[in-house]
2 protein chains.
Amino acid sequence: MKSRLTIGKLAEAAGVGVETIRFYQRSGLLPEPERPLSGYREYSSDDVRRIRFIERAQTLGFNLEDIAGLLKLDGPQACSVTHDLALEKLHVVEEKIKALDAIRDALQQMVRQCERKHKRGTCPIIQSLVREEAKG
Amino acid sequence: MKSRLTIGKLAEAAGVGVETIRFYQRSGLLPEPERPLSGYREYSSDDVRRIRFIERAQTLGFNLEDIAGLLKLDGPQACSVTHDLALEKLHVVEEKIKALDAIRDALQQMVRQCERKHKRGTCPIIQSLVREEAKG
DNA sequence: GTAATCTCCGTACATGAGTGCGGAGTCAAG
DNA sequence: CTTGACTCCGCACTCATGTACGGAGATTAC
């Protein structure tokens with residue numbers, strides 16, 4: 001089941017370009033793969049999932065450095081390190097969820113208002129992300 | 001209460017650089033401000049909120065083009081246009097929330113496992129974002 | 001009313017995240 | 001065993017998102 005993939009097959013399976021994979025490797029987001037025969041990189045289906053994770057995480061506003069941090073949680077570290085890192089990331093994620101919840105509520109409100117043919121008042125969307133800015 | 005701001009004051013209030021504001025204006029994210037005296041841009045506190053919205057939305061994985069779309073919901077459009085756009089954006093936001101929920105759950109699980117001094121099995125974080133990829 | 005500060009503008013530079021190029025080596029099908 | 005596709009590598013290029021520069025004009029503080 002752990003099919004061995006060349007870089008081209010991996011790229012296709014993960015929906016990215018070959019160059020992107022080489023770039024991720026250089027950036028430390030993908031581990032150095034084995035290179036048994038002739039120096040060609042040899043990947044597994046785990047790497048497909050890893051790349052998909054990277055792509056998704058990017059759409060959630062994490063940059064590659066953030067993502068490297070998240071991926072470190074995948075390796076075999078001391079539990080205390082993992083714990084602290086996970087907790088820190090958890091914080092960030094919860095903040096993002098809150099902000100997105102606010103946008104979602106604002107969008108739902110707009111949709112409802114429109115469907116009732118009300119004239120809209122002021123747009124709630126901007127307001128949705130403004131609160132709590134002062135407290136920092 | 002609608003204090004008039006110079007570009008410098010606005011930048012300070014919103015926590016960005018002056019050049020960033022000019023850049024956002026060029027990019028159509030901020031409307032052309034009035035320029036009564038001498039051609040200096042004159043802003044209001046609404047613009048502070050608008051810029052904060054832009055900054056926050058960026059951390060949620062929206063690029064400037066996406067954000068321009070969201071900000072269009074602020075203007076006075078035909079209700080049908082607003083409705084459709086809002087519904088579309090709502091979809092995107094809900095997907096993001098789902099993905100972040102999955103990451104959050106994975107992180108919580110890791111934190112709990114660590115706190116119980118269990119040896120961790122395979123890392124749940126990557127798995128959190130992988131499901132449903134095949135269906136697209 | 002002058003010096004310091006701010007703003008104007010266009011343009012150039014910087015950074016993050018890829019994308020492409022070209023020549024050489026490797027693999028797989030016929 | 002040749003031919004075409006694939007891979008190797010380093011390096012140059014692109015695109016989005018800002019940032020910085022520099023000279024000229026406006027404003028404000030003294």
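Letters A, B, ... mirror the listed sequences (proteins, then strands); counts begin at 1. Side-chain atoms are counted along with the backbone in the values below, which use heavy atoms only and exclude waters and symmetry mates.
- As a whole-Å value, the separation of I21(A) CD1 from dT19(C) C1' is 13 Å.
- Annotation: of the two residues near DNA chain D, R26(A) and E42(A), the 5′-most nearest-nucleotide partner is E42(A).
- Residues R50(B) and L29(B) share a closest heavy-atom pair of NE-O, 3.1 Å.
- Remark: R41(A) is in phosphate contact with dC9(D), judged by side-chain N or O atoms under 4.0 Å from OP1 or OP2.
- Looking at residues two or more places apart in sequence or on another chain, you find no salt bridge (charged side-chain N to carboxylate O under 4.0 Å, His left out) involving E12(A).
- Nearest heavy atom pair, residue A11(A) against residue G17(A), reads CB-C, 3.9 Å.
- Here the C1' atom of nucleotide dG18(C) and the CD atom of E55(A) are 10 Å apart, to the nearest Å.
- The two atoms that bring I21(A) and Y43(A) nearest to each other are CG2-OH, 3.5 Å, heavy atoms only.
- Look at CD on E12(B): it is 15 Å from P on dT5(C), rounded to the nearest Å.
- Regarding L10(A), its CG atom lies at a distance of 14 Å from the C1' atom of dC6(D), rounded to whole Å.
- Looking at residues two or more places apart in sequence or on another chain, you find a side-chain contact (heavy atoms from CB on, under 4.5 Å) between V48(A) and L5(A), L10(A), A13(A), A14(A), R52(A).
- Here the shortest heavy-atom pairing between R26(A) and E19(A) reads NH2-O, 4.4 Å.
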Could you go through residues 57-70 of chain B and list every donor-acceptor pair under 3.5 Å that involves a side-chain atom there, pairing it with any protein atom two or more places apart or in another chain?
from: Q58(B); atom 1: NE2; to: Y24(B); atom 2: OH; distance (Å): 3.3
from: T59(B); atom 1: OG1; to: R56(B); atom 2: O; distance (Å): 2.7
from: N63(B); atom 1: OD1; to: E65(B); atom 2: N; distance (Å): 3.1
from: N63(B); atom 1: OD1; to: D66(B); atom 2: N; distance (Å): 2.8
from: D66(B); atom 1: OD2; to: N63(B); atom 2: N; distance (Å): 3.0

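- Checking dT7(C), dG10(C), dC8(D) against the side-chain heavy atoms of I7(A) singles out dC8(D) as nearest.
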Look for any protein N or O under 3.5 Å of an N or O in nucleotides 14-17 of chain D and output each such pair with its distance, or none.
from: dT17(D); atom 1: OP1; to: L64(B); atom 2: N; distance (Å): 3.1

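- Listed by chain and residue number, I97(A), R104(A), I97(B) satisfy the side-chain contact (heavy atoms from CB on, under 4.5 Å) test with D101(A) (two or more places apart in sequence, or in another chain).
- Spacing between atom CZ of R35(A) and atom C1' of dC6(D) amounts to 14 Å, rounded to whole angstrom units.
- Nearer the 5' end of DNA chain C, as judged by each residue's closest nucleotide, is the contact made by R22(B), out of R22(B) and G17(A).
- For dT7(C), the OP1/OP2 oxygens have a side-chain nitrogen or oxygen of T6(B) closer than 4.0 Å.
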*Assign a letter to each nucleotide of nucleotides 23-30 of chain C from its 5' end: B, base within under 4.0 Å of a protein heavy atom; S, sugar-phosphate only; -, no contact.*
--BBS---
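- Straight-line distance from the CG atom of L5(B) to the P atom of dT7(C): 11 Å, rounded to whole Å.
- Pairing each heavy atom of V93(A) with each of L100(B), the nearest pair is CG1-O, 3.5 Å.
- In this structure, CD1 of I54(B) is placed 13 Å from C1' of dG18(D), rounded to the nearest angstrom.
- E19(B) places its CD atom 12 Å from the C1' atom of dC13(C), with the value rounded to the nearest Å.
- S27(B) comes within 4.0 angstrom of no nucleic acid atom, judged by non-hydrogen atoms across all strands.
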